[in-house]
Peer 1: 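Take this structure first; my questions come after.
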Amino acid sequence: MGNCLSSTQSDSEEEESPPPATSPPPLTAPDPTPTSSRQPTRGRSLRYYTGKSRSSDVFAMKPLDALRSYATVHHPPHSLPASTLLMSTPHTLAIFDAYPKAKYHFLVLPRYPFPPRSNPESRSSIVKLDHLDSLRTLLLKTSADVREQVIGALADTAQEVEEMIRDEMIKTEGFEWGINIGFHAIPSMKHVHLHVISEDRMSDKLKTKKHYNSFRPDLGFFISLIDVQHWIEDGDDQSIRQHIESLDSAEALLDTPLMCFKCDEPEHNMPSLKKHLEKEYEKEKKTALKRIAERGRQRSSDEDMF
DNA sequence: GTTCTAGAAC
DNA sequence: GTTCTAGAAC
């Protein structure tokens, strides 16, 4: 499975070299994890190319297996195109969602082996591959220590991705808006993955009620990372099992009638919902830019006072 | 996960 | 008549 990925790798590729001194710094603040192999991304948009998807045309594979293929490559920056890979760490990958449901939409997944063989501290994976199938298997089949390590690694990378998105929002739009981080209750692709998605939900790829409802942060199908962290922090195996079992009934939530998750206004169909979301976004942008302008003035007068 | 398309909704 | 959705096929 992973072979088809490495076989596409060019023989002429060299080991990663640091960017030249004249090269601009990475997109975000200094990398907190020195082993991170995040690529220099300055000048590279976090937005998506218009047109066809990137990952599926590069690798001939079944879409449902794509994440696992990515998760098992030995050297992500060499094996995955920059249009697929946002960043990698020894424990995780962050990739562009091939069918983004918002202006910014990334997936964070644990690599396998976890930690990778290249880590001298640990020569073999502390978690079995099939225990990384889904959030369910991760929480139910691994020890408290292992699930905390995997969720913790996902959370660290998600936070980094969130910061990269925020930087890009400021750079391109002049303001920041909401970002949601969470799992789907019933995922359709194998290999546990965390969604990091901006709250605008403005995308050509957002087409159906199920698409929309699956990312509603208030519905119950989208399970926030914070909730899962609480489950594993204060829960014993029994209570975690109950949380996981409650996910089984989440499928019906996808049929919930369309309504704006920001203002609760019902919408008749997807085209009207999408227009409404655009209005919400424009309204938020206007308010935010106005507040930033005011705060700027206010802040300088505050500084005079103190 | 997506694409395609029949038939429901308007 | 056109727009839109939902389910089959992949």
Side-chain angles (χ1 to χ4, degrees), chain A residues 1-2 4-5 48-73 80-81 83-86 92-112 129-130 132-138 154 158 161 180-198 201-217 219-223 247-261 265-279:
Chain A
M1 177 159 48
C4 69
L5 290 177
Y48 293 85
Y49 303 131
T50 53
K52 60 184 178 177
S53 67
R54 298 150 309 287
S55 52
S56 55
D57 53 46
V58 174
F59 304 110
M61 65 175 71
K62 291 187 175 180
L64 303 185
D65 293 332
L67 296 186
R68 175 134 295 169
S69 302
Y70 298 157
T72 51
V73 300
L80 303 175
S83 54
T84 296
L85 182 69
L86 177 69
T92 62
L93 301 177
I95 61 170
F96 287 78
D97 190 295
Y99 296 90
K101 304 303 189 294
K103 285 175 182 280
Y104 302 96
H105 185 182
F106 299 94
L107 304 181
V108 178
L109 40 151
R111 293 174 63 181
Y112 179 86
L129 183 58
D130 60 352
L132 291 176
D133 279 354
S134 63
L135 183 64
R136 161 188 292 272
T137 58
L138 177 64
L154 295 179
V161 172
N180 304 115
I181 300 177
F183 301 91
H184 274 163
I186 304 172
S188 41
M189 282 185 293
K190 192 192 272 193
H191 204 79
V192 58
H193 55 283
L194 188 56
H195 293 269
V196 182
I197 182 170
S198 58
R201 306 297 198 271
M202 286 163 61
S203 165
D204 291 347
K205 301 293 191 295
L206 184 76
K207 294 176 177 174
T208 70
K209 178 157 75 176
K210 289 188 180 188
H211 287 159
Y212 175 74
N213 282 338
S214 74
F215 288 103
R216 261 185 66 173
L219 198 60
F221 192 91
F222 188 81
I223 312 297
L247 303 181
D248 292 340
S249 53
E251 178 119 47
L253 297 169
L254 298 179
D255 287 326
T256 304
L258 289 175
M259 69 157 63
C260 173
F261 68 90
E265 189 170 301
E267 290 295 338
H268 190 58
N269 55 33
M270 283 302 292
S272 67
L273 172 72
K274 287 165 73 77
K275 273 180 200 150
H276 178 88
L277 290 172
E278 282 180 33
K279 280 186 197 162

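This one's a predicted model, so the numbers in the text were calculated from it and none came from an experiment. Note on naming: letters A, B, ... go to the chains in the order of the sequence lines (proteins, then strands), and numbering restarts at 1 for each one.
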Peer 1: Under 4.0 angstrom, heavy atoms only, what part of the nucleic acid is A:His268 near: base, sugar-phosphate, or nothing?
Peer 2: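 The answer is sugar-phosphate, as A:His268 gets under 4.0 Å only of primed atoms, P, OP1 or OP2.
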
Peer 1: Under a 3.5 Å distance rule, please check whether A:Asn213 uses its side chain to pair with a backbone N or O of A:Thr256 as donor and acceptor.
Peer 2: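 Pair found, side chain donor or acceptor close to backbone of A:Thr256.
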
Peer 1: Please find the earliest and latest nucleotides of DNA chain B, in the 5' to 3' direction, that have an atom within less than 4.0 Å of any heavy atom of chain A.
Peer 2: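 It runs B:dG1 to B:dC10.
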
Peer 1: Distance from A:His184 atom NE2 to A:Ser214 atom OG, nearest 0.5 Å?
Peer 2: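 OG of A:Ser214 is found 3.5 Å from NE2 of A:His184.
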
Peer 1: Assign A:Lys101 to base, sugar-phosphate, or nothing according to its heavy-atom contacts below 4.0 angstrom with the strands shown.
Peer 2: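 Here A:Lys101 touches the backbone only, sparing every base.
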
Peer 1: Report, as yes or no, whether the 6.0 Å neighbourhood of atom CG on A:Asp204 holds more than 12 heavy atoms from other residues, nucleotides or ligands.
Peer 2: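 Open: at most 12 neighbouring heavy atoms sit under 6.0 Å from CG of A:Asp204.
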
Peer 1: Would you please classify the geometry between the A:Phe222 ring and the A:His195 ring as parallel, tilted or perpendicular, with 30° and 60° separating the classes?
Peer 2: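 Ring orientation of A:His195 relative to A:Phe222: tilted.
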
Peer 1: For a quick check of understanding: with a heavy-atom distance under 4.0 Å over all strands, which category does A:Lys207 fall into, base, sugar-phosphate or nothing?
Peer 2: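 Result for A:Lys207 = sugar-phosphate.
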
Peer 1: Looking only at heavy atoms, what is the nearest atom pair of A:Leu64 and A:Ser188, with distance?
Peer 2: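 Reported closest heavy-atom pair: CD2-O, 3.4 Å.
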
